[in-house]
2 protein chains.
Amino acid sequence: MPDAAPLEPGQLAAYFALMEVGGLLQHAVEQQLRDEGGLSYIQFQILAVLSEGADGPQRMTDVADRLVHSRSGLTYQIAQLAEAGWVAKTSSPDDERSVMVSLTPEGRTLLDRVMAGHVQVVQRFLLDPLSSEDVASLGDVLGRVRAHMRSVPPRSAAPRRKPRSHL
Amino acid sequence: MPDAAPLEPGQLAAYFALMEVGGLLQHAVEQQLRDEGGLSYIQFQILAVLSEGADGPQRMTDVADRLVHSRSGLTYQIAQLAEAGWVAKTSSPDDERSVMVSLTPEGRTLLDRVMAGHVQVVQRFLLDPLSSEDVASLGDVLGRVRAHMRSVPPRSAAPRRKPRSHL
DNA sequence: TATTGTTATACTCTATAACTATA
DNA sequence: TATAGTTATAGAGTATAACAATA
């Protein structure tokens, strides 16, 4: 185990700013999603992931992997979303074990409707005070961090595969 | 209500990267805190806030304001931390209604011990792939965003004061 | 045997509202 | 009246482990 070199003040400041901004932004966005769509943030993320392929349904496990979720947790969330009529479950023709999930038309309508306000919140809280250079720089630096995080094995070098994502 | 100008791809990318990095980092850090200190992230944040003053105890409400928490939620968390012996509650000499909270020596010891591993995780997941210029840029941009967020009134321009923070 | 997904279960956390007491 | 904090309560979400079905 390597020795812990204490962080420099600037490093600590960047870390704290990142966590605080992320937390505040998530808070703001969660409220908007709750108010305008009755959605939790994770539910929104699930709908967003399902809307991505533009084509069709995705496997449960793949969705869970994208979103850090335990599979039982995803089962729970999908059940909520299916009960509300926003997603549909179908069985896979290829693999009888798999369950495919897809957005229903209602789900897509909801996502579209909610996304408008969502974008407004992001604009207002995150983007308004930034120049386009700032945004480019932020995207560049955080993009590299994201790529790095995805490649770093968990500390308990477990032989389990678990790629992650948070939207 | 202003019309929602759709975000440019770069803006969207920065937003997604921010949320994903924040989420992944919080996940990594939570696991470390749980493993090495039996602490949730919020509990860690509370201890960190209490350790800040360097001097002494702080009022319940002030801590809650710093951390987005409802007051009942903070009462719950403080009860947990007090039962574990990491914080102590005392009554304020100035205001009989107030309850002051402070770190116990055990709490400070725990925080110091946990902080070492914490810093390692931050180093490994966030800082390793970044140059010092990157870190400076990140801290600068996010610092401005944080300042902006703290000043933006909630959308439901409620006359409630609720300054926020996430560590 | 390994993988997919569900279920049962138990736990943590959160917020709302009603309440007490001080200011 | 307004503020500080607690309590009761109820709900959302999570993860673990045991399980069934399929590969």
Side-chain angles (χ1 to χ4, degrees), chain A residues 23 26-27 30-31 33-35 37-46 57-84 87-101 154 156 158-162 164 166, chain B residues 23 26-27 30-31 33-35 37-46 57-84 87-101 154 156 158-162 164 166:
Chain A
Q26 178 160 348
H27 210 258
E30 257 169 358
Q31 187 175 319
L33 291 172
R34 184 72 66 189
D35 291 348
L39 286 173
S40 69
Y41 192 61
I42 292 117
Q43 292 170 342
F44 169 76
Q45 287 178 304
I46 292 172
Q58 305 195 18
R59 293 193 341 163
M60 292 282 283
T61 296
D62 296 335
V63 177
D65 282 349
R66 275 282 307 266
L67 300 173
V68 184
H69 253 60
S70 66
R71 279 181 303 180
S72 66
L74 184 68
T75 296
Y76 169 78
Q77 290 296 349
I78 293 293
Q80 304 300 112
L81 294 172
E83 190 182 358
V87 304
K89 298 163 75 172
T90 52
S91 53
S92 165
D94 305 334
D95 187 333
E96 291 283 340
R97 297 171 302 179
S98 294
V99 172
M100 310 298 282
V101 194
S156 56
R160 296 272 177 68
R161 57 146 185 154
K162 258 252 163 165
R164 267 91 178 246
H166 256 289
Chain B
Q26 177 160 349
H27 210 258
E30 257 169 358
Q31 187 175 319
L33 291 173
R34 185 71 66 189
D35 291 349
L39 286 172
S40 69
Y41 193 61
I42 292 117
Q43 291 171 343
F44 169 76
Q45 287 179 303
I46 293 172
Q58 304 196 17
R59 291 194 340 162
M60 292 282 284
T61 296
D62 295 336
V63 176
D65 282 349
R66 276 283 305 265
L67 301 173
V68 183
H69 254 59
S70 65
R71 279 181 305 180
S72 66
L74 185 67
T75 296
Y76 169 78
Q77 290 296 349
I78 292 293
Q80 303 301 111
L81 293 172
E83 190 182 359
V87 305
K89 298 165 74 173
T90 52
S91 53
S92 165
D94 305 334
D95 187 334
E96 290 284 339
R97 298 171 301 179
S98 296
V99 172
M100 311 296 282
V101 193
S156 56
R160 296 272 177 69
R161 58 145 184 155
K162 258 255 165 163
R164 268 92 179 248
H166 256 289

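Source: prediction; values computed, not measured. Naming convention: chains lettered A, B, ... in sequence-line order (proteins, then strands); numbering from 1 in each chain.
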Where each residue is assigned the nucleotide of DNA chain D containing its nearest heavy atom, which of A:Ser40 and A:Arg97 is assigned the position nearer the 5′ end? A:Ser40

How many Å lie between CG on B:Asp94 and P on D:dA4, as a whole number? 13 Å

Taking D:dG13, D:dT6, C:dC13 as options, the one with an atom nearest any side-chain atom of B:Thr75 is D:dT6

Hey, does B:Gln77 reach any base, or is it just sugar-phosphate, or nothing, if we go heavy atoms under 4.0 Å? sugar-phosphate

B:Arg34 CZ - D:dT16 C1' separation (whole Å): 14 Å

Whole-Å distance, B:Leu81 CG to C:dT12 P, equals 13 Å

Is the shortest side-chain heavy-atom distance between A:Met100 and A:Lys89 below 4.5 Å? no

Output the single nucleotide from C:dG5, C:dT22, D:dT22 whose closest atom is nearest the side chain of A:Met60. C:dG5

Which pair of heavy atoms, one from B:Gly38 and one from B:Gln43, lies closest together, and at what distance? O-OE1, 3.9 Å

When rounded to whole Å, the CG to P distance for the pair B:Leu74 and D:dA4 reads 13 Å

Could you report the tightest heavy-atom contact between B:Ile78 and B:Val87, atom names first, then the distance? O-CG2, 3.9 Å

Does C:dT4 have OP1 or OP2 sitting under 4.0 Å from an N or O in the side chain of A:Lys89? no

Base, sugar-phosphate, or nothing: which does B:Ile42 touch, judged by heavy atoms less than 4.0 Å apart? sugar-phosphate

What's the CG-C1' distance between A:Asp95 and C:dA2, to the nearest Å? 12 Å

B:Asp62 atom CG is separated from D:dG5 atom C1', nearest whole Å, by 13 Å

Whole-Å distance, A:Ile46 CD1 to D:dG13 C1', equals 11 Å

Tabulate protein N/O versus nucleotide N/O from nucleotides 15-19 of chain C, keeping only pairs under 3.5 Å, one per line.
residue	atom	partner	partner atom	Å
C:dA15	OP2	B:Ser70	N	3.2
C:dA15	OP2	B:Ser70	OG	2.9
C:dA15	N7	B:Ser72	OG	3.1
C:dT16	O4	B:Ser72	OG	2.7

In the structure I gave you, are the side-chain heavy atoms of B:Val63 and B:Val101 within less than 4.5 Å of one another anywhere? no

I want to check something: taking the side chain as every heavy atom from C-beta on, are A:Thr61 and A:Leu74 in contact at a cut-off of under 4.5 Å? no

Round to a whole Å and report the spacing from CD of A:Gln58 to C1' of C:dG5. 17 Å

Point-to-point distance, once rounded to the nearest 0.5 Å, from CG of A:Leu67 to CD1 of A:Ile42: 8.5 Å

Just how far is it from atom OG of B:Ser40 to atom CD of B:Gln77, taken to the nearest 0.5 Å? 5.0 Å

